[in-house]
Enquirer: 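Shown below is the structure under consideration.
Chain letters run A, B, ... following the sequence lines, proteins first, then strands; residues in each count from 1. None of these values were measured; they are calculated from a predicted model.
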Amino acid sequence: MLKTHTCGELRPTDDGRQVTLAGWVDRRRDHGNLIFVDLRDRWGITQVVFDPSASPEAHEAASQLRNEYVLQVRGTVRCRPEEMVNPTLDTGGVEVLAIEAQILNPAKTPVLYINRDVEEDESLRLRYRYLDLRKPRMQRNLILRHEVVRFIRNYLHDRDFIEIETPILIKSTPEGARDYIVPSRVHPGRFYALPQSPQQLKQLLMVSGLERYFQIARCFRDEDQRADRQPEFTQLDLEMSFVDRQDVIQLTEGLFTELIQTVTPEKRLLQTPFPRFTHAEAMALYGSDKPDIRFGMLLTDLSPDLTDSEFRVFAGTLSSGGQVKGIRVPGGGSWPRSQFDELVTTAQELGAKGLIWMVVEGTSPIALRSPVNKFLSEAEQQAIVERMQAEPGDLLLIIADAPAVVAEVLGQLRLQMGRRLNLLDDDVLGFAWIVDFPLLEWDEEEGRYSAVHHPFTAALDEDLPYLESDPARVRAKAYDVVANGYEIGGGSIRIHRRDEQQRMFRAIGLTPEEAEAQFGHLLQAFEFGAPPHGGIAPGIDRLVMLLANEPNIREVMAFPKTQNAVDLMTQAPSPVSEKQLRELHIKLDLEPQATR
RNA sequence: GGGGGCGUGGUGUAGUGGUUUAACAUAAUGGCCUGUCAAGCCAUAGAUCGCGGGUUCGAGUCCCGUCGCUCCCGCCA
């Protein structure tokens, strides 16, 4: 080793020790005769003093130093006098008096500031990611990620799970996200796909009798990016045999609870055991299937009070199967009028026909300030205020529209209002389970039903009889774990019988021939004694993002891609040679512009 | 596919409502300095304002296009 100690470990008790440190120059403070260098490595920063009276040679070397030079120093640890202790450094009680210094590598002026916290242009950070990753924030995130994965491995190992790798080159199937595909050289015209998740493979491992499997699995989806979505990402993929929903939920909940208490003890879990909502409840109360339950401001259904209203917006909406619902924004009544107009615009941009706002000025007697109160009877105003438990000074935001629109718009407004009122505490993790998702949803574009979760998800036993007669009514043995408004993971109890799986394929419009061609291996496997099984797949990146208080998952990935799925450091994707294409029997058919 | 934001010395910003040497901080280069820890002081150098076109006497600033990064909708079984 080129060092005897790290830059984070020396303490006053090491006084007098001969040590060798190596790392990067974080800062140099040159006083002419005396030079101070903050030497940095992964473990910390130690101040090195270059005194010409102690070592002229080392001092001369130090005068050459610039930020990010790689330096090896041999010297003597000495305690700092009390008034020179730096309380902001773990090693601030000591310094190393340099006897010998060797520049292992100089460095150009860095394009990013490693030693200060500035928000540099993201493309610059990604292009020079290896420099970006030198920053304490990024190292902290990568270390946290490692700790999370290490805890998961230990936890599952202790519970008799085994980690099994599944192939990255697999078969493309049309269901789900767009596949990344890989051409085969030895089979001209044929392609592998990169897994969107190891779903079928882990189910086959259950057929194999492994019973408890997990994998820290890389997944690939060729879809457009978001702050919490990258083209490749990592899931904790796990599957268990002879379980029901309760078993998977309990295991996952125990894992998360202990993980967070161990790895990020500064985080507070809002509620354990995690509260459970049916999908219908979550939509009704929060307007979202991934609710942020750190704050209330629940959606209140006003429909029962307004069915006979003279106000046509309400009556008309209700008579045509719509809903009237609202949220109560405490204290929002004092905002300027212009902000209410902005909220109306926001609601319309989100798809609502309009937004009704009411300022509660008094509750006994009822006094509302609103563009519509002249259309509402005294009794109706009374009912609205009572049902929403409104108090003077509150702002009420009401939407009358189709149920899906009401949920979407009020759900979004609720989040905006929560942020605005500072109701979202970053140190709190509001985990919850969402269960009883619909099994199928109508796909307008394809003109058929498609699986909400995936086509291997089992239906609730009591709903299964309606699979053919009333598909939209069937609920799934599925469960999502959500936290702070993010979907952290989803899972289900799977179908394990061939006949039931074929029924499901039929329900999503696959012919028996198509089902056989695409999923024949799975159907066949189910004929050889497939056990009941189920599992879940939490997203590691999103979880770590939450634990690290980061706004996007790029901050917890070493080498992420841009929104256009480009790697700015390596410039992937890039053209390949004619020879490579020829070997793969691939001819390009590009627009003239697109040849770059 | 659509909508929004951003792009000015190496880096982070100011300027932007039409006009002169495009300002500040930091980094950089040289000098001074024995106790700093975002060291300090002095001096020097560095941007034709993402790129292309247009309007104008005059464009960093206005208009059109384009590229890059980003946020969102669609999409993400």
Enquirer: Would A/H279 and A/F437 count as a close aromatic pair, with their ring centres under 6.0 Å?
Expert: yes
Enquirer: How would you label the contact of A/D224 with the nucleic acid (heavy atoms, under 4.0 Å): base, sugar-phosphate, or nothing?
Expert: base
Enquirer: Are there over 12 heavy-atom neighbours, none belonging to A/K290, within less than 6.0 Å of that residue's NZ?
Expert: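 No.
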Enquirer: From CG of A/L124 over to C1' of B/U13, roughly how many Å is that when rounded to an integer?
Expert: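 Interatomic distance, CG of A/L124 to C1' of B/U13: 15 Å.
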Enquirer: Only pairs with both distances under 3.5 Å count, Watson-Crick or wobble alike; so what is the partner of B/U16 in this structure?
Expert: none
Enquirer: Report, as yes or no, whether the 6.0 Å neighbourhood of atom CG on A/D117 holds more than 12 heavy atoms from other residues, nucleotides or ligands.
Expert: no
Enquirer: So A/I35, base contact, sugar-phosphate only, or nothing? Heavy-atom distance under 4.0 Å.
Expert: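 Result for A/I35 = nothing.
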Enquirer: Within residues 228-235 of chain A, which residues have any heavy atom lying less than 4.0 Å from an atom of RNA chain B?
Expert: A/R229
Enquirer: Apply the test salt bridge (Lys or Arg N to Asp or Glu O under 4.0 Å) to residues A/R178 and A/E223: give CA-CA distance (whole Å), side-chain angles for both, the deciding distance (0.1 Å), then the verdict.
Expert: CA-CA 6 Å; A/R178 225 173 265 121; A/E223 297 292 349; 3.3 Å; yes
Enquirer: Mapping A/Q225 and A/V566 onto RNA chain B by nearest heavy atom, which one lands closer to the 5' end?
Expert: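 By nearest-heavy-atom nucleotide position, the 5'-most residue is A/V566.
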Enquirer: Reading RNA chain B from 5' onward, which residue's closest nucleotide shows up sooner: A/S123 or A/D51?
Expert: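 Result of the comparison: A/D51.
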Enquirer: Within this structure, what is the CG-to-C1' distance between A/L350 and B/G4, rounded to whole angstrom?
Expert: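 Interatomic distance, CG of A/L350 to C1' of B/G4: 13 Å.
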Enquirer: So, are A/E119 and A/R137 salt-bridged, with charged N and O less than 4.0 Å apart?
Expert: yes
Enquirer: Strictly by Watson-Crick or wobble contacts shorter than 3.5 Å, is anything paired with B/U34, and which nucleotide is it?
Expert: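 Partner of B/U34: none found under 3.5 Å.
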Enquirer: Check this for me: does any side-chain nitrogen of one of A/K202 and A/D237 sit under 4.0 Å from a carboxylate oxygen of the other?
Expert: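 Salt bridge present between A/K202 and A/D237.
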Enquirer: Measure from CG on A/L39 to C1' on B/U36 and round the result to the nearest Å.
Expert: 16 Å
Enquirer: Say you pick atom C1' in B/C24 and the same atom in B/G50; how far apart are they, in whole Å?
Expert: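 Here B/C24 and B/G50 have their C1' atoms 22 Å from each other.
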Enquirer: For A/Y486, is the NZ or CZ atom of A/R542 found under 6.0 angstrom from the centre of its six-membered ring and inside 45 degrees of the ring axis?
Expert: no
Enquirer: For B/C57, what is the paired nucleotide under Watson-Crick or G-U wobble rules, both distances under 3.5 Å?
Expert: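 With both distances under 3.5 Å required, B/C57 matches none.
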Enquirer: Taking atom P in both B/U61 and B/G9, compute the distance separating them and give it to the nearest angstrom.
Expert: 14 Å
Enquirer: Between the base of B/G35 and the side chain of A/E95, is one N or O donor paired with an acceptor at under 3.5 angstrom?
Expert: yes
Enquirer: For a 4.5 angstrom cut-off between non-hydrogen side-chain atoms, does A/I536 reach A/V481?
Expert: yes
Enquirer: If you measure from the P atom in B/G15 to the same atom in B/G3, how many Å do you get, rounded?
Expert: 28 Å
Enquirer: Please report the distance, rounded to the nearest Å, between CD in A/E122 and P in B/C6.
Expert: 17 Å
Enquirer: Without swapping roles, check the side chain of A/E514 against the backbone of A/T511 for a donor-acceptor pair under 3.5 Å.
Expert: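 Flag set: sc A/E514 to bb A/T511 pair under 3.5 Å.
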Enquirer: A/Q563 near the nucleic acid: base, sugar-phosphate alone, or nothing, with a heavy-atom cut-off under 4.0 Å?
Expert: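 Base contact.
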Enquirer: Checking base pairs now: Watson-Crick or wobble, both atom distances under 3.5 Å. What partners B/C75?
Expert: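 Matched B/C75 with nothing under the 3.5 Å cut-off.
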Enquirer: At 4.0 Å (heavy atoms only), tell me whether A/V118 reaches a base, stays on the sugar-phosphate, or touches nothing.
Expert: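 Result for A/V118 = nothing.
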Enquirer: Provide, to the nearest angstrom, the distance between the CG atom belonging to A/D121 and the C1' atom belonging to B/U13.
Expert: 13 Å
Enquirer: Are A/P110 and A/E68 close enough that some pair of their side-chain heavy atoms sits under 4.5 Å apart?
Expert: yes
Enquirer: Considering only nitrogen or oxygen atoms on both sides, find all protein atoms under 3.5 Å from nucleotides 37-40 of chain B and state each distance.
Expert:
| unit_1 | atom_1 | unit_2 | atom_2 | d |
| --- | --- | --- | --- | --- |
| B/C37 | O4' | A/R29 | NE | 3.1 |
| B/C37 | O2 | A/Q47 | OE1 | 3.3 |
| B/C37 | O2 | A/N86 | ND2 | 2.9 |
| B/C37 | N3 | A/R80 | NH1 | 2.7 |
| B/C37 | N4 | A/R80 | NH1 | 3.4 |
| B/C37 | N4 | A/M84 | O | 2.6 |
| B/A38 | O3' | A/R27 | NE | 3.2 |
| B/A39 | OP2 | A/R27 | NE | 3.2 |
| B/A39 | OP2 | A/R29 | NH1 | 3.1 |
| B/A39 | N6 | A/D30 | O | 2.9 |

Enquirer: Quantified in whole Å, what is the P atom distance between nucleotide B/G52 and nucleotide B/C67?
Expert: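 That atom pair is separated by 15 Å.
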Enquirer: Measure from CG on A/L415 to P on B/C72 and round the result to the nearest Å.
Expert: 12 Å
Enquirer: Using the P atom as the point on both nucleotides, what is the distance between B/U70 and B/C63, in whole Å?
Expert: 25 Å
Enquirer: With distance as the sole criterion, do the side chain of A/Y113 and the base of B/G10 form a donor-acceptor contact below 3.5 Å?
Expert: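 Checked by distance alone, the answer is yes.
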Enquirer: When you measure from the side chain of A/T562, which nucleotide among B/U29, B/C76, B/U70 comes out closest?
Expert: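 Per side-chain heavy atoms of A/T562, the pick is B/U70.
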Enquirer: Does A/N86 reach the main-chain N or O of A/T88 with its side chain, forming a donor-acceptor pair under 3.5 Å?
Expert: yes
Enquirer: Can you tell me how far C1' in B/C75 sits from the matching atom in B/A38, rounded to whole Å?
Expert: 46 Å
Enquirer: With a 4.0 Å cut-off on heavy atoms, is A/S197 in touch with a base, just the backbone sugar-phosphate, or nothing at all?
Expert: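 It contacts base atoms.
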Enquirer: With heavy atoms under 4.0 Å as the rule, sort A/V452 into base, sugar-phosphate or nothing.
Expert: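 Answer is sugar-phosphate: A/V452 comes under 4.0 Å of backbone atoms only.
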Enquirer: So, A/F456 versus A/F519, ring centres under 6.0 angstrom or not?
Expert: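 Judged by ring-centre distance (under 6.0 Å), A/F456 and A/F519 do meet the cut-off.
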Enquirer: Given the C1' atoms of B/A39 and B/U26, what is the spacing between them in whole Å?
Expert: 14 Å
Enquirer: Phosphate oxygens OP1/OP2 of B/C71: is one of them under 4.0 Å from a side-chain N or O of A/R554?
Expert: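 For A/R554, the contact criterion (side-chain N or O under 4.0 Å from OP1 or OP2 of B/C71) is met.
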Enquirer: Taking only Lys NZ, Arg NE, NH1 and NH2, and the carboxylate oxygens of Asp or Glu, determine whether A/D30 and A/R28 approach each other closer than 4.0 Å.
Expert: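 Yes, this pair counts.
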Enquirer: Quote, to the nearest angstrom, the P distance that separates B/A28 from B/G1.
Expert: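 The same atom, P, in both gives a distance of 44 Å.
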Enquirer: Does A/Q518 reach a base, just sugar-phosphate, or nothing at all? Heavy atoms under 4.0 Å.
Expert: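 Since no nucleic acid heavy atom lies under 4.0 Å of A/Q518, the category is nothing.
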Enquirer: A/T109 side chain: which of B/C76, B/A28, B/C69 is closest?
Expert: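 Nearest listed nucleotide: B/A28.
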Enquirer: Tell me which nucleotide, if any, is Watson-Crick or G-U wobble paired with B/G7 when both distances must be under 3.5 Å.
Expert: B/C67
Enquirer: So which protein N/O to nucleotides 44-51 of chain B N/O distances come out below 3.5 Å?
Expert:
none

Enquirer: Between atom CG in A/N67 and atom C1' in B/U29, what is the gap in whole Å?
Expert: 14 Å
Enquirer: For B/A45, which nucleotide in any strand shown is its Watson-Crick or wobble partner with both distances under 3.5 Å?
Expert: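 The answer is none; no pair meets the criterion.
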Enquirer: In whole angstroms, how far is the C1' atom of B/C69 from the CG atom of A/D132?
Expert: 14 Å
Enquirer: Among B/C75, B/U11, B/U36, which nucleotide has an atom closest to any side-chain atom of A/E120?
Expert: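 Nucleotide nearest to A/E120's side chain: B/U11.
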Enquirer: Does A/R78 contact B/G35 through a side-chain donor or acceptor facing the base, at a distance under 3.5 Å?
Expert: yes
Enquirer: Taking only Lys NZ, Arg NE, NH1 and NH2, and the carboxylate oxygens of Asp or Glu, determine whether A/R448 and A/E175 approach each other closer than 4.0 Å.
Expert: yes
Enquirer: Identify whether NZ of Lys or CZ of Arg in A/R116 sits under 6.0 Å from the centre of the six-membered ring of A/Y113 and within 45° of that ring's axis.
Expert: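 Yes, a cation-pi geometry.
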Enquirer: So for A/R226 and B/G74, does any side-chain atom that can act as donor or acceptor lie under 3.5 Å from a complementary atom in the base?
Expert: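 Yes, the side chain and the base share a sub-3.5 Å donor-acceptor pair.
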Enquirer: Backbone N or O of A/A193 within a donor-acceptor pair of the A/Y180 side chain at under 3.5 Å?
Expert: no
